[in-house]
Structures are given as structure tokens and as C-alpha cells.
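Below: the structure, in C-alpha cells.
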Amino acid sequence: MPENHIRSRDYLDGSLGVEAQARAEAHLAHCPHCRRRVERLQARRARGSGGAAARILGRFALSLLRGELTIVEPLMANLRLKKGEAPAAEAEPLSPLRVLRPRVVGGVRNLWRFLGRFGLVLVLTGAVLLLPTPEGLSAAGHRGLAAFIFTAAILALEPVSLPIAALMVPVAQVALGVATAPQSFETFSRPVVFLILASLFLAEALRKHGLSRRLALATIVASGGGIGPLLLGIMGISAFFSMWVGNTATTAMLIPVALTISRQIPDKEDAREMLALLALGIAYSASLGGMVTILGAAANAVASGFLAEIMDWTFLDWMKYGLPSFLVVFPLTWVLLFKLMPVAVARLDVEPAREQVNGMGKMSSVEREILLVLTVTACLWVGGPFFETLLGLPQSLFSAAMVAVMAVSYMAIREIIDWEDLKGISWGIFLIIGAGLSLGEALSRTGVTDWFATLIGPLVTGPSLLLTLIVLVMVSALLTNLMNNTTIAAVFVPVLIALARDNPALDPVQLVLPVTLATTFGYSLPSASGRMALMASTGMVGRGTMMRYGLIMTIASSLSLAVLFYLLARFHLI
């Protein structure tokens with residue numbers, strides 16, 4: 001298979017998309033040729049020359065003609081406006097995701113592609129508005145339904161990058177008359193949004209100081225080289241990181257580990273099989289780890305935001321159901337994957353990994369301090385209300401978002417992380433979660449959720465609880481392959497809460513949690529998530545393999561999750 005090298009200029013200018021950036025980071029980890037090219041280009045830019053401004057302006061003009069216009073921050077950073085003024089120092093490339101500096105659509109070809117996709121979004125939205133108002137739905141509800149179609153279409157088709165698409169959701173709501181500007185943007189400032197952002201800051205401290213790499217290598221050594229234990233160890237570390245870090249970032253971080261392991265196998269076909277096994281294990285477990293905490297996925301944050309409006313809902317409340325779900329589905333996934341994808345190699349040599357661990361030396365004082373801070377933070381996330389009462393502290397001082405912000409503040413004061421470190425985190429999650437919450441509020445405010453609840457009420461309350469859970473979980477899991485999981489949560493959660501409100505026999509948690517957790521099981525298509533797109537685009541896993549094993553995993557995981565929540569309900573544990 002020919003090597004697909006990256007373009008150094010695109011990488012350094014920040015013009016790659018989210019998935020392309022993750023692929024580039026993984027590629028650079030194992031390609032010395034591309035690393036040298038990036039380093040040479042960095043050195044050239046750092047030296048600068050009298051014609052630097054002219055060259056930058058020339059490339060800028062050319063990019064307009066080719067349809068490759070990029071945000072002008074790199075231009076302004078390198079341009080010398082006064083004679084004799086030194087050029088700005090070359091900034092470090094942002095890592096791991098550069099969602100705030102996407103390539104802007106330009107040029108005839110890209111403009112046509114943009115108009116085609118965005119035009120389809122507008123056509124679908126307009127078609128809903130032109131249809132007669134459905135029976136039982138008000139005029140405001142009709143416009144709210146159009147807002148839902150706009151949101152679902154723009155997040156699924158992505159005529160622009162996902163965070164920018166999310167930012168257009170409040171604009172559409174105001175334009176359609178279903179919200180005012182303050183109403184549409186209010187959800188972007190909710191505590192759960194800052195909880196997710198602060199957790200990404202904390203994860204950056206792990207990456208910066210090498211704790212994530214140390215832990216991954218130690219896991220390989222501990223496996224002893226057996227394929228089953230090795231797969232379990234890699235999946236375990238992937239799941240653990242994705243409980244606190246974005247699961248796509250976790251996948252991108254561990255791909256070089258899988259590549260290193262597979263290169264120890266001399267036979268190319270056997271190496272390819274091993275790489276596919278490890279890659280799918282990393283992707284699946286990164287999804288499953290996100291079930292455990294509110295931090296694990298944007299859909300979790302959206303669901304928690306709605307549940308917090310109707311009941312006391314904390315970080316620990318989510319873990320009470322997320323952790324048992326993980327403990328049921330994770331071992332099932334490991335066993336199925338190991339049995340369905342046998343490899344010819346029986347054992348691998350772990351000495352290279354052991355040598356790397358030994359080369360890293362003992363854990364530094366900074367690494368130990370980071371672990372201590374994260375341990376205290378996790379304890380306060382779980383027991384914050386208890387410590388507030390015990391110490392007589394103001395209410396919500398130890399809420400999850402406040403604890404996360406205090407932990408980040410401490411690390412910044414101690415200079416463990418600084419603002420330059422935080423520039424590269426996935427800031428787009430802020431916009432995506434806010435847009436999902438904003439959509440749910442708009443649907444509730446205009447009566448669309450009550451209308452949906454009336455339509456699907458007989459399907460949910462008529463059959464047995466077990467059948468209801470199986471249907472809801474399967475629909476959610478399969479839809480995740482086609483739609484953004486934040487949109488699924490934003491639509492389903494308010495509807496299920498409305499159903500439970502009208503039916504005293506149902507607890508909203510019985511329905512909301514399994515449906516939200518099922519958005520984890522989008523394994524069949526590259527469009528299901530960034531991590532599955534990463535698997536397909538790098539060529540590690542073929543589309544047919546992804547579809548075949550993904551469907552098996554989705555069905556098995558969905559059935560086990562539905563049965564688990566049925567048993568919890570039957571034994572009055574939920």
C-alpha cells in the first residue's frame with residue numbers, strides 16, 4: 001500500500017479539519033520523512049527574510065483562486081508591517097484538534113460543494129415550513145419542527161465544520177421565530193459546558209507531561225505479550241482515558257501505539273490483521289469508556305443538562321448507571337472482538353515497550369502532582385455535596401463544574417499547564433453541546449416535544465418495558481450511524497422526559513439513560529463518529545470489515561444494555 005504523506009504547509013497553517021488533523025498527528029508519530037519536512041518548514045519560517053511578507057501574500061492570493069483560503073491568523077502572525085520589525089516567532093502547531101481554524105470554503109469547486117450541501121439543508125427546512133401544520137401542533141411548534149430539521153440536516157451533512165454548523169443553530173432558531181437571541185445562546189453558558197471544557201484542560205496536562213504515553217506502554221508490558229491480554233489492556237487504557245477525555249482524541253492518541261505493536265510482526269498480512277484488531281478495539285473501547293461519566297460524550301452532557309432541570313442530578317448520579325453499563329458491555333465487546341477476529345500470531349515481544357518505559361525513568365514530581373490533583377478532583381466530583389454539608393460550605397461550591405475549574409486553576413498557578421497548552425484542545429465541543437441544549441429548549445418551548453410524546457406514547461407505554469427498551473435503544477444506536485449523537489440526545493431526551501411526566505409508572509431515568517448511552521454504539525459507518533471516520537480514512541480497517549463487525553457489536557451491545565436497565569427497573573434500582 002503506498003504511503004500517504006501529509007502536506008507540511010497545511011499541517012502548520014492549521015487548515016486541516018478535525019479528522020484530517022487526527023490522521024496527521026498519527027502519521028507524524030511514525031513517519032520520519034514527514035517529520036523532517038515539517039521541521040524544515042518550521043525552521044524556514046522561523047528564520048524569515050525580507051521577502052517573507054510578499055511570499056505570504058502571494059500564497060494567500062493563490063489560495064483564493066484555488067479555493068483554499070484559510071483563516072488569516074497565520075498571515076497576521078508572520079507579516080512584518082514596519083521596516084526592520086522582527087517577524088513574530090513561529091507558534092507551535094496546535095494539538096490535537098484545530099476546530100477553530102478550519103479551511104474556509106472558496107473557489108468554484110468548493111463553493112459549489114458548499115452550496116449543494118447547505119442548499120439541501122435550506123430546502124429540507126423550507127419544505128417543512130411549506131407543509132400544512134400537523135394536527136395537534138401550533139404554528140410556533142411548526143416552526144420549531146423546522147428548526148429541528150435544520151439542526152439535524154446541518155449537523156449530518158456538515159456543509160461547514162461541525163462546530164461552525166453548531167453555531168448556526170441559534171441563528172436559525174431566531175430566524176424562524178422560535179427563540180430570542182438571549183434564549184438561543186443561554187444554554188452555551190450552562191455549568192455542564194464548562195465541566196466538559198475543564199475536563200479537556202485536565203486531559204491536556206496528562207498529554208503534555210507524558211503520563212498518557214507512560215500508562216499505555218506500561219499496559220503493553222503488563223500484558224506479557226499474549227494477544228488476548230494485550231487487546232484487553234489496550235482497550236482498558238482507551239476506555240479509561242475516554243472517561244475523561246474526548247473519545248476521538250483518545251483514539252488518535254493510541255493509534256501510534258497500535259502501529260508500533262503491529263510492526264513487530266514480520267508477515268505483512270498478519271501485521272495487517274493485528275492492526276485491524278487493535279484499531280477496532282481502541283475505537284470501540286473509546287466509545288464505551290464515554291458511557292461512564294458525564295465528561296465522556298457530548299450526548300451525556302446534553303442529557304444531564306435536561307435531567308438537572310427536573311431533578312437533583314449530579315456527576316455521581318450519572319456514574320451510578322454509566323459504570324454498571326460499562327462493566328456489562330465492555331467485557332462482552334472484548335470477548336466478541338477477540339473471537340470474531342482471530343489473528344495468526346500467538347504472542348508478541350514486549351521488550352521494546354519495556355525498554356521505552358525504562359528509558360522514561362521514574363515518575364517525576366510533576367507527574368505525581370498531576371495524579372494527585374486528578375484523584376482529588378475525581379473524589380470531589382463523586383462526593384462534592386457530602387463535603388459541602390460536612391464543612392458548611394456554600395451550596396454548589398463543590399459542584400462538578402466548579403471542582404473542574406478549580407483544578408484547572410490550580411494547575412495553571414503551579415505552571416503545570418498554561419494558556420499556550422490549552423489553545424489546541426477541542427474547543428468546538430463548547431459549541432456542539434450548547435447547540436444541542438439550545439435545540440432541546442426550543443423544542444420544549446414551542447410544544448414540539450409534547451407533540452412527539454403524544455405520537456410515540458402508545459409505542460412506548462403499550463408494550464412491555466423490556467420490549468420498549470429494546471426498541472428505543474436499537475433505534476438510538478442505529479441512528480447514531482447517520483446522525484450526530486448530540487442531535488439525537490437533544491430530540492429524544494425532552495420527549496422521553498415528557499412521556500415520563502405524563503405516565504407516573506415511568507421514571508425518566510429509565511428511558512433517558514439507556515437511549516443516551518446507546519448513542520455510544522455507532523460502529524458500522526465512518527459517519528457514525530470521528531473515531532470511526534479515523535479508522536476508515538487511515539485504511540486500518542476496511543469499510544466492509546467495519547460494517548460487518550460493527551453491526552454485530554451494535555446489536556449485542558444494545559440488547560445487553562436494554563436487558564440491564566430492565567433488570568434495574570424490575571429490582572427497583574432505578
Please examine the side chains of [Y] and [X], heavy atoms only from C-beta on, and report whether any two atoms are closer than 4.5 Å.
{"X": "Leu280", "Y": "Met553", "answer": "no"}
{"X": "Trp313", "Y": "Trp318", "answer": "yes"}
{"X": "Leu129", "Y": "Leu176", "answer": "yes"}
{"X": "Leu195", "Y": "Trp381", "answer": "yes"}
{"X": "Ile310", "Y": "Arg501", "answer": "no"}
{"X": "Met274", "Y": "Ile227", "answer": "yes"}
{"X": "Phe306", "Y": "Val512", "answer": "no"}
{"X": "Leu517", "Y": "Ser325", "answer": "yes"}

Under 3.5 Å, is there a donor-acceptor pair between the side chain of [X] and the main chain of [Y]?
{"X": "Glu273", "Y": "Val343", "result": "no"}
{"X": "Ser285", "Y": "Ile282", "result": "yes"}
{"X": "Ser287", "Y": "Ala283", "result": "yes"}
{"X": "Asn300", "Y": "Thr293", "result": "yes"}
{"X": "Glu388", "Y": "Leu397", "result": "yes"}
{"X": "Ser189", "Y": "Glu186", "result": "yes"}

(message) Can a side-chain donor-acceptor contact be found between Ser438 and Gln173 if the only test is distance below 3.5 angstrom?
(response)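 Note: Gln173 and Ser438 side chains meet the donor-acceptor criterion.
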(message) Among Leu472, Val473, Ile470, which residue satisfies the side chain to side chain contact (heavy atoms under 4.5 Å, CB included) criterion with Ser558?
(response)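 Output: one option passes, namely Val473.
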(message) Can you classify the ring geometry of Trp334 versus Phe338 as parallel (below 30°), tilted (30 to 60°) or perpendicular (above 60°)?
(response)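 Parallel, since the angle between the ring planes stays under 30°.
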(request) Take atom CZ of Arg570 as the centre, draw a 6.0 Å sphere, and report whether it contains more than 12 heavy atoms from other residues, nucleotides or ligands. (result)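 No.
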(request) Only counting residues at least two apart or in another chain, list the ones meeting ring pair (Phe, Tyr, Trp, His ring centres under 6.0 Å) with Phe565. (result)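 So Phe565 forms no ring pair (Phe, Tyr, Trp, His ring centres under 6.0 Å) with any residue.
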